[in-house]
Amino acid sequence: MFDTRQLEVFATVARTGSFSAAARLLHCTQPAVSQQMRALERQVGGPLFVRTGRGLHLTEAGRILAERGSELLDQLATTHQQVSAIATHDIGTIRICAFPSANVSLVPAAAAILAEERPQLRLELVEEEPPDSFALLRRGEVDLVLSFSYLDEPQDEATVNGMLSVPLLREPLALLVPAGHRLAGRERVSLTEAAEERWIAGCVRCQRALHQACGAAGFVPDITCSTDDNLAIQSLVTAGLGVALVPRLLLSFLQHPGLRAVEVESAAQRLTALYTWPDLIRLPIMRATVDALISASAQA
């Protein structure tokens, strides 16, 4: 019988290629990692690693264990998630993980619907962006994930393998400008009209979408600042430090009176979907939660 903790440490070492890097990721000491790996090698009866200079390479036994061990850990995590979810749902709790703009728009709207339909249902909310949100779902720490991607962005199928996906939103992007900006009074603009502007960028995935949209318009954006804080983006734009390209869902909670949103002629869109496990969707309270999120998205 394998020790699951040893398998988790081994998988991290195999992925990072060193005991020290694995220790940093696991928030423990390098000697503790070495001790776990020596114990695992004693259990399997032979070496799992070969030292090559400053790095490690897997032996054939290590390679097989890395492949099969990862599958086993995924299966254990899924089983734990499903058992934990069913036990939790016996007392009427749904754990939702959503990205920031969904947590301040879609989730409260869905919660209001559920409060009317199922007043005893309790929601636990977590804020995280993909791919970290998917890791929470796979580890059994949440029951449902609200995730986003951008049109034509490649999807990592391994990340969502086995999960049920329900599309919710397709949002066009809007241009945020200060109230006194030359484009502020326009209903609709082309991105080329903002080619000479300085830009405030969002998260890493949002930055890629910005570069793609501007590239399609024939220019490279001059990004002077980047942040994944939506309110900070609004403040930076209002202060005249740049313009920003944002999904329209963000317009539902604009906080600054000195800010204007202008429609953009662009094919770029943000896609929002929810993810859960197929077995969970059969539970009445999970089905009700999914239905409430679909309704909230239709009204967004």
Side-chain angles (χ1 to χ4, degrees), residues 1-44 47-59 61-85 87-88 93-100 102-103 124-148 156 158-163 202-207 226-229 232 275-277:
M1 295 288 292
F2 287 115
D3 183 298
T4 55
R5 176 57 180 169
Q6 290 177 354
L7 285 178
E8 289 172 351
V9 174
F10 171 75
T12 306
V13 173
R15 188 171 66 253
T16 60
S18 75
F19 288 173
S20 58
R24 286 193 296 270
L25 286 178
L26 295 169
H27 304 291
C28 64
T29 64
Q30 182 174 336
V33 172
S34 300
Q35 183 180 8
Q36 292 272 18
M37 293 302 91
R38 286 195 297 270
L40 183 59
E41 287 181 326
R42 286 196 299 270
Q43 188 172 3
V44 301
L48 298 171
F49 303 98
V50 174
R51 291 189 177 275
T52 55
R54 305 179 96 181
L56 295 173
H57 284 281
L58 295 173
T59 63
R63 185 188 63 79
I64 293 173
L65 183 60
E67 293 177 359
R68 305 287 173 81
S70 294
E71 294 174 3
L72 177 60
L73 289 171
D74 285 345
Q75 291 171 2
L76 287 172
T78 301
T79 301
H80 177 271
Q81 195 276 341
Q82 293 172 345
V83 171
S84 174
T88 302
T93 300
I94 296 289
R95 300 166 299 173
I96 299 175
C97 178
F99 54 95
N103 250 347
E124 293 181 2
L125 306 182
V126 177
E127 187 170 288
E128 195 62 79
E129 294 190 357
D132 294 335
S133 54
F134 291 122
L136 293 177
L137 180 60
R138 197 165 290 281
R139 291 200 302 267
E141 297 179 24
V142 298
D143 307 311
L144 185 151
V145 163
L146 287 180
S147 178
F148 72 88
D156 183 359
T159 301
V160 297
N161 183 43
M163 299 177 187
C203 66
V204 173
R205 301 177 82 177
C206 300
Q207 288 184 46
S226 61
T227 174
D228 57 3
D229 186 322
Y275 293 81
T276 186
W277 297 108

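Remember, predicted model here, so these are calculated numbers, not experimental data.
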Partners meeting side-chain contact (heavy atoms from CB on, under 4.5 Å) with [X] (sequence neighbours left out):
X	answer
Ala39	Gln6, Arg42
Asp228	Cys203
Ser226	Ala201, Gln207
Thr159	Phe134, Asp156

Minimum heavy-atom distance between [X] and [Y], given as atom pair plus value:
X	Y	result
Leu48	Val44	CD2-CG2, 3.9 Å
Val145	Ser133	CG2-O, 3.4 Å
Pro47	Thr59	O-OG1, 2.9 Å
Ala66	Leu58	CB-CD1, 4.0 Å
Val126	Asn103	O-ND2, 3.4 Å
Ala22	Val13	CB-CG2, 3.6 Å

(request) Hey, could you give me each pair passing ring-ring contact (aromatic ring centres under 6.0 Å, His included) that has a residue in residues 18-44? Not counting sequence neighbours. (result) Phe19-Phe49
(request) Would you confirm whether Arg205, through its side chain, and Phe148, through its main-chain N or O, come within 3.5 Å as a donor-acceptor pair? (result) yes
(request) Decide yes or no on side-chain contact (heavy atoms from CB on, under 4.5 Å) for Leu65 and Leu40, but give the supporting numbers first. (result) CA-CA 11 Å; Leu65 183 60; Leu40 183 59; 3.9 Å; yes
[Y] and [X], any side-chain heavy atoms less than 4.5 Å apart:
X	Y	answer
Gln36	Phe10	no
Met163	Trp277	yes
Glu129	Pro100	yes
Asn161	Arg138	yes

(message) So, taking the atom named OG1 in Thr12 and the one named CE in Met37, what distance separates them when rounded to the nearest 0.5 Å?
(response) 8.5 Å
(request) Quick one: pull up CZ in Arg24 and OG1 in Thr16 and give me the separation to the nearest 0.5 Å. (result) 8.0 Å
(message) Once side-chain hydrogen bond (donor to acceptor under 3.5 Å, both in side chains) is applied, do any residues pair with Glu67, and if so which ones, sequence neighbours excluded?
(response) Arg63
(request) Please list, chain by chain and in numerical order, all residues satisfying side-chain hydrogen bond (donor to acceptor under 3.5 Å, both in side chains) with Ser34, sequence neighbours excluded. (result) none
(message) Under the rule for salt bridge (Lys or Arg N to Asp or Glu O under 4.0 Å), what residues qualify as partners of Glu8, not counting sequence neighbours?
(response) Arg5
(message) Using the rule given for side-chain contact (heavy atoms from CB on, under 4.5 Å), can you reason through Glu124 versus Thr93, listing the C-alpha separation, both sets of side-chain angles and the distance that settles it, and then say yes or no?
(response) CA-CA 7 Å; Glu124 293 181 2; Thr93 300; 3.8 Å; yes
(request) Would you please test Arg95 and Leu136 for side-chain contact (heavy atoms from CB on, under 4.5 Å) and show each step? (result) CA-CA 10 Å; Arg95 300 166 299 173; Leu136 293 177; over 6 Å; no
